[in-house]
Amino acid sequence: MSALSSVKTASPSVAPVPLCLRAVTPDQARDGAGLIYRQIRAGRAVTVQVAGGREALARLEQACRAIGLGTVDLRLLEGPADLSLSPLGPLPGHGGPLRVALAGCGVVGGGVLPRLLDRPDIALVGVLVQSPVKVRVPEPAPELVVTDPAALLAREPDVVLDTLSDASVSLALIRAALSRGIHVVSASKQAVAADVEGLSALATATGATLRYSAAVGGGVPMLETVRQARALGPIRRIEAVLNGTVNFLLNRLAVGHPFDAALAEAQAAGFAEADPSADLTGRDAAAKLFLLSRAAFGAGARLPDRVDALGPDFQPGPAPVRQLAVADCAGGQITLAPVAGDALFAALADAGNAIRITLADGRVLSRSGLGAGRAPTAESVWADLTDLLTSRVGAGADGAEL
Ligand SMILES: NC(=O)c1ccc[n+]([C@@H]2O[C@H](COP(=O)([O-])OP(=O)(O)OC[C@H]3O[C@@H](n4cnc5c(N)ncnc54)[C@H](OP(=O)(O)O)[C@@H]3O)[C@@H](O)[C@H]2O)c1
């Protein structure tokens, strides 16, 4: 699979950002990979020198792979490190500890939790779950756990990170938070797509910021790439593979695995939710395509007119098939389409996601990477949080300044 770092664009080349990272511990490697991720998703190339010897280099390579940064050029630094190139210090722009509430502590939320606990400049004020007795790894401290969204907001967070699996609870929580001027980072495409205009207006009215990068593409920063493309000129067309579970299933079905076994494998790997119907019916991809279309073509974008489902009756043929999401300014569709000869999509392994954006003048941007799973999706949520703090708000809804 081509990697997140291999953004292909016809835009003028800019000097790469030099980073010097220390990766003596796994947490430093994870934070270093996060720093690289944020640069790349902002459309910047990086050159990375790694301090701490060969083990540190291997650790950082591993941390990059875990979030889908497959082809970063990492070089071992000989001699003393100039860590001034790598601002891994406190989160910028905030006076006291930032009060963060985590809604959901499953695949995605459980990936964000250790990052929150590691930061002395973040105060985790609450963790919203459905079942307080459930055994989780990692386990939040009992005094943090609440089961009522109102109780979470009563802890007066500055930011809510929404990683709930119930879209209606998510939507109500996002509305309640934004209406109080609390910033929101959401991973829920169904919740955001259900009322993106209303949520954006609410955020603008209260001065809060709403970000939802993880909701589209998991670890692949698709919304950012669309915004970067739009800054270059009008967009003619978007083509994308947007659902990691369906991509995983199609790959398994193509090599003869039974449908139910492939689905169980996707669930065990954390790609598919316990109820996979949104993935299989195409509803998940439809919500994502809608959000991409809105970013590409403006507020008049609609949900796709045609959405094909994947079921046990699917018969794989000799050519690779993908759940292909295609949109232009007139509308969109989600189909199960053969993609032989299209290297970007045909090569997508496991839960891979990819996007190709064609500008009106014919220029093309593409990006691919890990579309689901704990590490890449949590990284995306974390990057939204740190970007939000870096820009220290004033951005309005959508974080549209990206
Ligand atoms: N998994 C991925 O790879 C991925 C990728 C991109 C985006 N997303 C999105 O991220 C979100 C979370 O996905 P996930 O895979 O992390 O789901 P998950 O593992 O099922 O975790 C969902 C969390 O939400 C909590 N929850 C659900 N309903 C609730 C309710 N009514 N009240 C309070 N808490 C509730 C659950 O509580 P309990 O722990 O008590 O059950 C759990 O902690 C979803 O919107 C999903 O579409 C996921």
Between Tyr37 (side chain) and Gly219 (backbone), is there a donor-acceptor pair under 3.5 Å? yes

Exactly one candidate in Leu35, Leu77, Val46 meets side-chain contact (heavy atoms from CB on, under 4.5 Å) with Leu21; the answer is Leu35

Quick one: does any side-chain atom of Gln228 pair with a main-chain N or O of Arg41 as donor and acceptor, under 3.5 Å? yes

To the nearest 0.5 Å, what is the distance between CZ (Arg59) and CZ (Arg54)? 14.0 Å

Pairwise side-chain contact, Leu74 with Ile36, heavy-atom cut-off 4.5 Å (strictly under): yes

Could you walk me through whether Ile238 and Arg356 pass the side-chain contact (heavy atoms from CB on, under 4.5 Å) check? CA-CA 6 Å; Ile238 293 173; Arg356 178 187 295 126; over 6 Å; no

Between Val381 and Glu379, does a side-chain contact (heavy atoms from CB on, under 4.5 Å) hold up when you go through it step by step? CA-CA 5 Å; Val381 171; Glu379 193 62 55; over 6 Å; no

Check: Ser213 side chain, Asp384 main-chain N or O, donor-acceptor pair, under 3.5 Å: no

Among Val160, Leu173, Leu164, side-chain contact (heavy atoms from CB on, under 4.5 Å) partner for Pro149: Leu173

Any side-chain to backbone donor/acceptor pair from Arg180 onto Ala176? Under 3.5 Å, distance only. yes

Between the CG atom in Leu291 and the CE atom in Met222, the distance rounded to the nearest 0.5 Å is 12.0 Å

How far does CD of Gln130 sit from SG of Cys105, to the nearest 0.5 angstrom? 13.5 Å

Report the distance from atom CD of Gln267 to atom CZ of Phe248, rounding to the nearest 0.5 Å. 10.5 Å

Distance-minimising heavy-atom pair for Val137 and Arg374: O-NH1, 3.2 Å

With no hydrogens and no angle check, just 3.5 Å: does a side-chain donor-acceptor pair link Ser186 and Arg211? no

Using side-chain heavy atoms (C-beta onward) and a distance below 4.5 Å, is Val226 in contact with Ile355? yes

Asp27 with Arg30: basic N within carboxylate O range, under 4.0 Å: yes

Arg115 and Asp31 ion-paired at < 4.0 Å: yes

Excluding sequence neighbours, so at least two apart, what forms salt bridge (charged side-chain N to carboxylate O under 4.0 Å, His left out) with Arg230? none

Before accepting this row, confirm whether a basic side-chain N of the pair Glu265/Arg252 lies closer than 4.0 Å to the acidic partner's carboxylate O. yes

How far apart are the closest heavy atoms of His183 and Gly207, and which atoms are they? CE1-O, 3.9 Å

Student check: side-chain heavy atoms of Thr163 and Leu102 closer than 4.5 Å: yes

Does any non-hydrogen side-chain atom of Leu178 lie less than 4.5 Å from one of Leu199? yes

Of all the heavy-atom pairs spanning Ala330 and Arg302, show the shortest one and how long it is. O-NH2, 3.5 Å

Under a 3.5 Å distance rule, please check whether Asn243 uses its side chain to pair with a backbone N or O of Thr245 as donor and acceptor. yes

What I'd like to find out is whether the side chain of Asp284 reaches to under 4.5 Å of the side chain of Lys189, using heavy atoms alone. yes

Stepwise side-chain contact (heavy atoms from CB on, under 4.5 Å) test for Val129 and Val146: CA-CA 6 Å; Val129 295; Val146 297; over 6 Å; no

Let me see the working for Thr209 and Val184 under side-chain contact (heavy atoms from CB on, under 4.5 Å), right down to the final yes or no. CA-CA 6 Å; Thr209 299; Val184 175; over 6 Å; no

Looking at Asp387 and Arg38, does any basic side-chain N land under 4.0 Å from a carboxylate oxygen? yes

Quick one: closest heavy-atom pair of Leu289 and Ala327, and the distance? CD1-CB, 3.8 Å

Roughly how far, to the nearest 0.5 Å, is CG of Leu303 from CD1 of Ile334? 9.5 Å

Could you tell me whether Arg367 and Glu224 have a side-chain N and a carboxylate O separated by less than 4.0 Å? no

Arg322-Asn251 side chain donor-acceptor pair, cut-off 3.5 Å: yes

Using modelled atom types only, decide if a donor and an acceptor are shared between the side chain of Arg99 and the backbone of Arg155 within a distance under 3.5 Å. yes

Donor-acceptor contact present, side-chain Lys288 to main-chain Val216, <3.5 Å: no

Other residues, nucleotides, ligands: >12 heavy atoms within 6.0 Å of Glu139 CD: yes

Hey, is Asp195 close enough to Arg175 for a salt bridge, meaning N to O under 4.0 Å? yes

Pairwise distance CD(Gln49) to CG(Leu57) - rounded to 0.5 angstrom: 11.5 Å

Return yes if a side-chain donor-acceptor contact under 3.5 Å exists between Ser170 and Asp162, otherwise no. yes

Heavy-atom check, side chain of Leu370 versus side chain of Ile67, under 4.5 Å: no

Looking only at heavy atoms, the pair that brings Gln190 and Ala167 closest together is CB-CB, 3.6 Å

Apply salt bridge (charged side-chain N to carboxylate O under 4.0 Å, His left out) to Arg65 and list each qualifying residue two or more places apart in sequence or on a separate chain. none

Are Leu60 and Val48 side-chain neighbours, meaning at least one heavy-atom pair lies under 4.5 Å? yes

Between Arg44 and Gln39, is any side-chain donor less than 3.5 angstrom from a side-chain acceptor? yes

Smallest heavy-atom separation, Leu344 atom then Ser366 atom, equals CD2-CB, 3.9 Å

Do Asn353 and Leu348 come within less than 4.5 Å of each other through their side chains, counting heavy atoms only? no

